[in-house]
Amino acid sequence: MKYFDCTRSSYRSAFDSNVVYQFEIMEYVLDFGFERMGADGSKVDHPILITESVCNPVQSRSKMAELLFETYGVPSLAFGVDAAFSYKYNQGLGICSKDGLAICVGLTTSHSIPIVSGEPVFEACCRANIGGYHVTDYLKQLLSLKYPNHMPSITWEKVEDLKMEHGYVALDYTSEVRLFQKGGKEAEEKTRCWQLPWIPPPTEEPPSEEEIARKAAIKEKQGQRLREMAAAKRSSRINELENELNGLEFLMKQLENVEENDIPAFLSATGYVSKQEIESSIVKVSQSLRKAKGEQVENEDKLESSTSEKYPLINIPDNMLSPEQLKEKRKQLFLKTTSEGRQRAKQKRFEEELQRERQNQQDEEKRLENPELYLEQLRTKHRELSEKVEQRKRLKANGTRTNGNQNLSGGVGRGERLNAAQKERMRLLTTAAFDRGKGEDTFGSKDEDWQLYKLMSRDNDDDDDGQEEDEAELARVTSRLQDIDPTFVAKLDVGPFQPLTEAPRFRPLTKEDFQIIIGVERFRCPEILFQPNMIGVDQAGLDEMAGISIQRLSVKENGIEDRITNSILVTGGSCLFHGMTDRLEAGIRMIRPFQSPIRVVRASDPVLDAWRGAASYAAAPLFLRQTFSRQDYYEKGEDWLRRYHIRYSL
Amino acid sequence: MESEVIEANILLPQHLSFKRVQMSEKYPKGQARGRHWKHLKQIIQAENYQTYPANEPNYVNIESPPSMYPSKKFCDITGFEAPYVDPRTNLRYANSEVFKRIRALPNEYVQRYLALRNAAIVLK
C-alpha cells in the first residue's frame, strides 16, 4: 500500500446505503482519524463511542468491533445512533423536550424516531431510503438531459453546490408548479441562471480612416507590382513566340528551295516530319501570338470555318470513302454532334435566364403596384408549402420511427401500413415470397430476384425528390418574405433538443447558449424527499413517515402523541433546505387530528449536532458503564451483541 | 512525490504505531487485491431475521411502507402537472409543446427519462 489516490474521481465508499460493509476502506478512514488525533502509543488506549445506523445488522457491528479490538487494541467500545445523540444534545439546549420525534434526513436514508422519556423507541422507528444523495443525483440527471452539450460541466460536486445554494422546498408543490407553468413575473424571479465560462469570439473593430487608407495604399502597390510582373511576362512570351514564328517561316522558305526528295532528310534535323506539320505549327504560334498581344480572337468565325474544315468527310457519301476515311468520318460526325449539343445547351441556359429575368421584373411590378395583395399571396403560398412539407415529414417520421422503435405499442405492421412507400414495399415483398410458394423458399437463386430491392428503394427516393423541390420552393418563398415583410417571423422550433435531431444551425454562438437555467428544478428535486414516487421509490415521504412512526408506538398513554408532535426535531445535513420545516408542519397537520399542537424545529447545527451529542455523552462520567470490552465481546457472543443497546440518558 | 502532495498533508506514514497489524504487512505485494465484501442485500439475507420475534426492531421491519396517498403524476421533462401519457414511450407530459419535444427525442434519452422514474424496461 503506497497511498490513497485522492485524485480519482469516483471514490470508493465504505458504506452501502447507511451500513458499513467495506472494512478495508473503513480501516483507512480510522487510520487517518487516529493518526490526526495524535495517537502514538502502541495501541489506541481510549474507550471509543461509534455512531451507527438504526438497527445496524449484527454482522456489520461485529466486524467493526473486531476491527477496533484486533487492529487498534481499543479497550472498550460503545455503539449509538446519531439521530438520538443529536436529539439529546438539542434537548440539553432546550430546543426540544423529553418526549419528541427526531426526523433525521441523512445522505442515503431518512429516519423518523420517536423519543419517549429521553430514550429512542426503535420499535416505532421508520426508515425511507431517500436522502440527499438521491436529490443531488436527480438534479444532475435532469440537467444533463436538458443540456446534453454541457454535460462535462455538470459534475457531481457542482450539482451538489447548486442544490445547497438554490434548492428549496415548496410549501405546496402543485401550486408552485402552476405558478411556473403560467410563467409570470414571480416565476421569473424564482428562476436562477448559471452562466458557464464562455469566451466571445474576437470582434473586429471597424477600421479607422487611416487604417483604411493605409490598406488601400498597400493594395495599390501590390496590384501595381502584379501588373508589372504580368506585363513583363507577356512581353517576354511575345518575344519568344515571335522568334519561333520567324524561325518557322525561315524554315518554310528554305523548304521551298529544297527539292521534293530531300525533304525528309532535311526535316529530320529540325524535328518536324512533314510540311503540313510546319504549317499547322505556324498557324498555332501565330494564333497564340495574337492572343498574347491582346487582340480579340474571333471564336465564332473560327468555329464556323473549322466546322466545315474539320468535318470535310461528313458531306461525302459513304461508298466513296476508304475504310480509314470511314473511321475518320465517324469521328468527325461524333465531334460535330457534341459541339452542336453544347451550343444548344448554352442557348437554352441563356433563354432560361432571360425568362427568369422577365419573371422577376413582373414580380417587382406586381409588388410595386399592389404591395398588400402581393404579400397576402406570398403568405398563403408559404403556409401551403410549409404544411405540405410538414405533412411529408410527419408521414416519413411515422413510417420510419415505428420500424426502428422497440416499443411495439401498435404493432410493427401498423406503422408500415401507413406510408404509401411502405405499402409498396410490403406488396413487393409479399409477392416475391408468394410467387415461390410450394413450401420452398427459392428467392435469391436467380439474379433477377434481387432487382426487387432496387425497385423498393427507388420508391422511397421518389418521395424524397418531391419533398426536396417543395423544400427548396419553401426556402425561396421564406427568404422573399423575410426581405419584404417586416412582420413575418419564420417558424423555427427552438430548443435545447435541436442539435440532436436536425442539422446544426450555423449561426454564431451567443452568451445565452452557455447558460443553464434552473427554474422548476429548484424545488422539484427536494420534493422527492416528500414524494419518493417521483423517483420510483415506493415508500412514504417524510411527513407521512412521522405519522407512521407515531402510529407504531405501542405505549399509548394519554397525551403522549400530543407531547411528541409538540417537539419535532429535524436534523441531518439535508434538512437545511429552505422551507422544509413549514412543509413538514403542513404535512403533519394533515395527518393529526384537528388542532393538535405541532411544533417543528430545526436542530441548532444539523450537520454536526450528532457529533456534539455523542461527545457530550462520552464525556459524561457514567459513560464507561455503557461500553463493552474485548472480553465481553468474545465471551458473550453474537447474540448478545445483537441485543446490545445503550441508554441514552445518563 | 510532488511538493503539493506533501504539503497538502493527506498522506499517512507507512507505519502507524498504534496498529497491531500494519497494512503493508497484510498486503506485502502492494494494493489490496479484490477481497470481496458482502453487499447490504447479502448481509440482510444472511441475518435471517425470520427466526427472531417479529416485534423486535431490525433493519428490515423498520422500513417504511408504501405511501397512503395516491401518487401525483408530473411531467417527466418539465415537472409540471401531467394529465397525459404518450402511448409510444410511456412518458408523462403536460401539454402539446412538450409532446412535440418528446416525439423528437432519440431513444436513448427516452430511456433515461424513464429510468429517472424507475420505469425503464431493463433487459437482463
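Below, chain A is the first sequence line, B the second, and so on; all start at residue 1.
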Side chain / backbone / both / neither for [X] at chain B, heavy atoms under 4.5 Å:
X	answer
A:Ile548	side chain
A:Glu544	side chain
A:Val44	both

- prompt: Highest number of heavy-atom pairs under 4.5 Å with chain B: which of A:Asn18, A:Asn56, A:Val20, A:Ile528?
  reply: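 Highest number of heavy-atom pairs under 4.5 Å: A:Asn18.
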
Are the side chain of [X] and the backbone of [Y] linked by a donor-acceptor contact shorter than 3.5 Å?
X	Y	value
A:Arg127	B:Tyr59	yes
B:Ser17	A:Gly41	yes
A:Asp538	B:Pro66	no
A:Thr71	B:Arg20	no
B:Glu47	A:Val58	yes
A:Gln22	B:Trp37	no

field: Pair B:Glu56 + A:Arg643: basic N to acidic O under 4.0 Å
entry: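 No, no charged N to carboxylate O under 4.0 Å.
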
- prompt: Take atom CD in B:Glu97; do more than 12 heavy atoms of anything else shown fall under 6.0 Å from it?
  reply: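 Incorrect, the count does not exceed 12.
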
- prompt: Given a strict heavy-atom distance threshold of 4.5 Å, which part of B:Phe80 is in contact with chain A: side chain, backbone, both, or neither?
  reply: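 Answer is both: backbone and side chain atoms of B:Phe80 are under 4.5 Å from chain A.
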
- prompt: In terms of ring plane angle, is the pair B:His39 and A:Tyr21 parallel, tilted or perpendicular, where the classes change at 30° and 60°?
  reply: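 B:His39 vs A:Tyr21 ring planes: tilted.
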
field: Axial cation check for B:Tyr52 ring with A:Arg642, 6.0 Å and 45° limits
entry: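 Positive - A:Arg642 is close enough to the ring of B:Tyr52 and near enough to its axis.
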
query: Do you see a donor-acceptor pair shorter than 3.5 Å between the side chains of B:Glu81 and A:Gln181?
result: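 The criterion, which ignores hydrogens and geometry beyond distance, is not satisfied for A:Gln181 and B:Glu81.
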
